[in-house]
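The first residue in the sequence is number 1, and the count goes up from there.
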Amino acid sequence: MDKIQMTTPLVEMDGDEMTRILWKMIKEELLLPFIDLNTEYYDLGLKYRNETEDQVTIEAAEATKKYGVAVKCATITPNHARMEEYNLKKMYKSPNGTIRAILDGTVFRAPIVVKGIEPCVRNWKKPITIARHAYGDIYKNTEFYVDKPGKAELIYTSEDGEEKRALIHEFTSPGVVMGMHNMEASIASFARSCFNYALDTKQDVWFGAKDTISKTYDGKFKAVFQKIFEEEFREKFDAAGLTYFFSLIDDIVARVMKAEGGFIWACKNYDGDVMSDMVSSAFGSLAMMTSVLVSPQGYYEYEAAHGTVQRHYYRYMEGKETSTNSVATIFAWTGALRKRGELDGNAALMDFADKLEKATLSTIESGKMTKDLASITSLKHPKVLSSRDFILAVRSTLEGMMS
């Protein structure tokens with residue numbers, strides 16, 4: 001069988017630890033036998049990031065702007081233990097955070113639904129897509145410990161010298177204080193990404209914030225979303241039969257728990273961080289969660305929603321067998337290949353991505369799965385496969401579809 005051709009490269013960002021091992025297996029067994037794979041490769045493994053002082057991450061993000069579509073392996077965000085383990089020159093920032101900042105993107109995460117893995121919330125019948133604003137708030141905060149009585153103030157000084165000042169708190173005993181910010185342009189990009197993605201995926205948008213308490217900060221999020229929706233998207237939503245809905249975050253949470261799913265839940269940065277884990281766990285596993293960064297300019301970066309699976313990697317390095325779930329990493333590749341095919345008008349590439357996803361889910365539904373899924377499946381007598389054997393089982397299913 002002739003291999004499927006690609007006209008434009010994907011940006012390929014390799015990663016760390018067990019997911020790096022899976023990345024290589026997926027390419028060798030599920031992609032290269034069927035596709036004349038065309039990628040521009042960047043090694044975002046922590047060792048090479050250290051060698052380049054993280055310049056490789058910036059180059060990978062800029063390449064994504066050039067080619068429009070990227071696929072990324074999970075990477076390590078170093079802490080003090082990693083500093084010692086990898087003998088790092090400095091404590092590098094999260095690669096995902098660096099890429100998000102350069103692409104000005106919004107992260108969309110949705111569970112991969114498969115028969116035999118039932119959601120904990122019984123009424124959830126369709127995936128719930130979490131749209132996480134990826135800038136500012138607590139993730140770019142400034143904070144310190146107050147060790148004696150005194151006054152904490154919020155002060156802003158404009159370029160022309162005008163000053164605004166507000167009392168935060170009069171401390172009579174030790175405590176903590178924090179300042180955080182956001183940018184109106186970033187909020188606007190977040191809104192446009194959410195509305196465009198909704199039109200692409202034919203889903204309603206729900207957005208929640210706490211503007212009754214945070215009347216200025218959260219109130220700005222609410223106002224920007226409403227303005228952009230009315231001026232740029234209402235007619236398109238009406239034509240597509242879609243809706244946009246805003247409410248308080250606590251009301252949205254209550255509604256989500258009672259809903260069937262099938263919508264985009266837009267969240268501020270911290271809310272999205274927390275709620276994406278809640279949704280993924282309730283649907284089964286972080287290893288069964290897709291993640292795509294979408295910018296208003298039309299750049300797409302696909303990755304797995306989980307980390308580098310450190311514990312399994314250490315077992316692998318000891319020569320022991322692992323049973324690591326590769327589904328989210330497979331779906332990162334299929335998402336990127338499908339989008340590349342869509343942008344290039346390459347129907348064969350899009351069809352391959354569809355078949356690989358179907359083969360992956362069919363393999364699980366036939367009772368062949370990794371240990372994490374076997375422990376929660378409703379299927380009778382599942383067969384637990386090793387990391388490699390699961391990928392080989394998917395390949396066998398895929399070969400049957402391709403022939």
Side-chain angles (χ1 to χ4, degrees), residues 1-49 56 60 63-64 67-76 95 112 287 290-292 300-309 312-313 316-317 322-341 344 346 348-361 363-364 370 385-402:
M1 184 180 69
D2 292 337
K3 289 187 179 183
I4 297 165
Q5 299 299 305
M6 295 176 61
T7 55
T8 311
L10 280 176
V11 176
E12 177 187 351
M13 306 180 197
D14 210 342
D16 288 298
E17 297 188 319
M18 196 63 209
T19 44
R20 188 181 182 97
I21 305 301
L22 297 176
W23 193 263
K24 186 171 183 289
M25 292 181 189
I26 290 166
K27 286 178 66 177
E28 290 176 348
E29 301 295 342
L30 301 179
L31 303 179
L32 293 172
F34 308 98
I35 305 172
D36 190 6
L37 197 60
N38 184 4
T39 72
E40 187 164 298
Y41 179 87
Y42 294 87
D43 185 357
L44 265 57
L46 188 50
K47 181 180 178 182
Y48 191 65
R49 276 187 277 145
V56 65
T64 304
Y67 293 111
V69 185
V71 59
K72 180 181 172 294
C73 183
T75 47
I76 294 170
I112 299 164
T290 63
S291 182
V292 55
Y300 297 81
E301 183 242 332
Y302 294 81
E303 63 177 335
H306 58 73
T308 58
V309 204
H312 286 205
Y313 177 65
Y316 176 86
M317 293 303 288
T322 65
S323 182
T324 314
N325 191 329
S326 54
V327 173
T329 307
I330 293 171
F331 272 61
W333 273 104
T334 57
L337 291 168
R338 183 183 297 106
K339 179 56 68 173
R340 180 77 280 159
D344 293 352
N346 189 337
L349 195 59
M350 295 170 67
D351 182 60
F352 173 80
D354 292 342
K355 285 180 178 175
L356 178 50
E357 288 184 2
K358 187 176 179 180
T360 303
L361 299 182
T363 300
I364 296 170
T370 46
L385 300 178
S386 69
S387 306
R388 177 172 290 280
D389 285 345
F390 175 73
I391 290 172
L392 291 174
V394 173
R395 175 171 176 170
S396 178
T397 307
L398 179 62
E399 285 174 338
M401 293 180 176
M402 296 297 286

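To the nearest 0.5 angstrom, E29 atom CD is 5.0 Å from R395 atom CZ. If you take CE on M401 and OG on S396, they are separated by 10.5 Å, rounding to the nearest 0.5 Å. Separating the NE2 atom in H312 from the OG1 atom in T19 is a distance of 12.0 Å, to the nearest 0.5 Å. Note that CD1 of I4 is 12.0 Å distant from CE of M350, once rounded to the nearest 0.5 Å. Rounding to the nearest 0.5 Å places CG of L385 at 11.0 Å from CG of N325. For the atom pair I21 CD1 and S326 OG, the distance stands at 13.0 Å (nearest 0.5 Å).
Salt-bridge annotation for K358 and D354: absent, with no side-chain N of the basic residue lying under 4.0 Å from a carboxylate O of the acidic one.
Under the side-chain contact (heavy atoms from CB on, under 4.5 Å) rule, I112 has a single partner from V327, T360, I364, which is V327. Across I35, L392, T334, I330, a single residue satisfies side-chain contact (heavy atoms from CB on, under 4.5 Å) together with L30, and that is I330. Paired with R49 under the rule salt bridge (charged side-chain N to carboxylate O under 4.0 Å, His left out), one option of D14, D16, D43 passes, and it is D16.
The minimum heavy-atom distance between A336 and A70, with the atom names listed, is CB-O, 3.9 Å. Here the closest non-hydrogen pair linking A328 and A304 is CB-CB, 3.7 Å. Nearest heavy-atom pair, A287 versus H306, reported as atom, atom and distance to 0.1 Å: CA-CD2, 3.6 Å. The shortest heavy-atom contact between M18 and S387 is CE-OG, 4.1 Å.
Looking at heavy atoms from C-beta onward, R20 lies out of side-chain contact with Y313 at the 4.5 angstrom threshold. Between M13 and T64, some side-chain heavy-atom pair lies under the 4.5 Å cut-off. No side-chain heavy atom of N346 sits under 4.5 Å from any side-chain heavy atom of T8.
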Working for side chain to side chain contact (heavy atoms under 4.5 Å, CB included), residues V292 and V69: CA-CA 10 Å; V292 55; V69 185; over 6 Å; no
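Judged by distance alone, with hydrogens and angles left aside, the side-chain atoms of E28 form no donor-acceptor pair with the main-chain N or O of I26 at under 3.5 Å. In this structure, the side chain of K3 engages the main chain of L32 through a donor-acceptor pair within 3.5 Å. Judged purely by atom type and a 3.5 angstrom limit, S386 uses its side chain to pair as donor or acceptor with the backbone of D389.
Within 6.0 Å of the CE atom in M317, the count of heavy atoms belonging to other residues, nucleotides or ligands does not exceed 12. Atom CG of D36 sits in a crowded spot, with more than 12 heavy atoms from other residues, nucleotides or ligands closer than 6.0 Å.
Applying the salt bridge (Lys or Arg N to Asp or Glu O under 4.0 Å) rule to pairs touching residues 300-309 yields K72-E303, sequence neighbours excluded. Residue pairs meeting the ring pair (Phe, Tyr, Trp, His ring centres under 6.0 Å) criterion with at least one member in residues 21-45, sequence neighbours excluded: W23-W333, F34-F352.
For T363, the side chain to side chain contact (heavy atoms under 4.5 Å, CB included) criterion is met by K368, F390, A393, V394, T397, not counting sequence neighbours.
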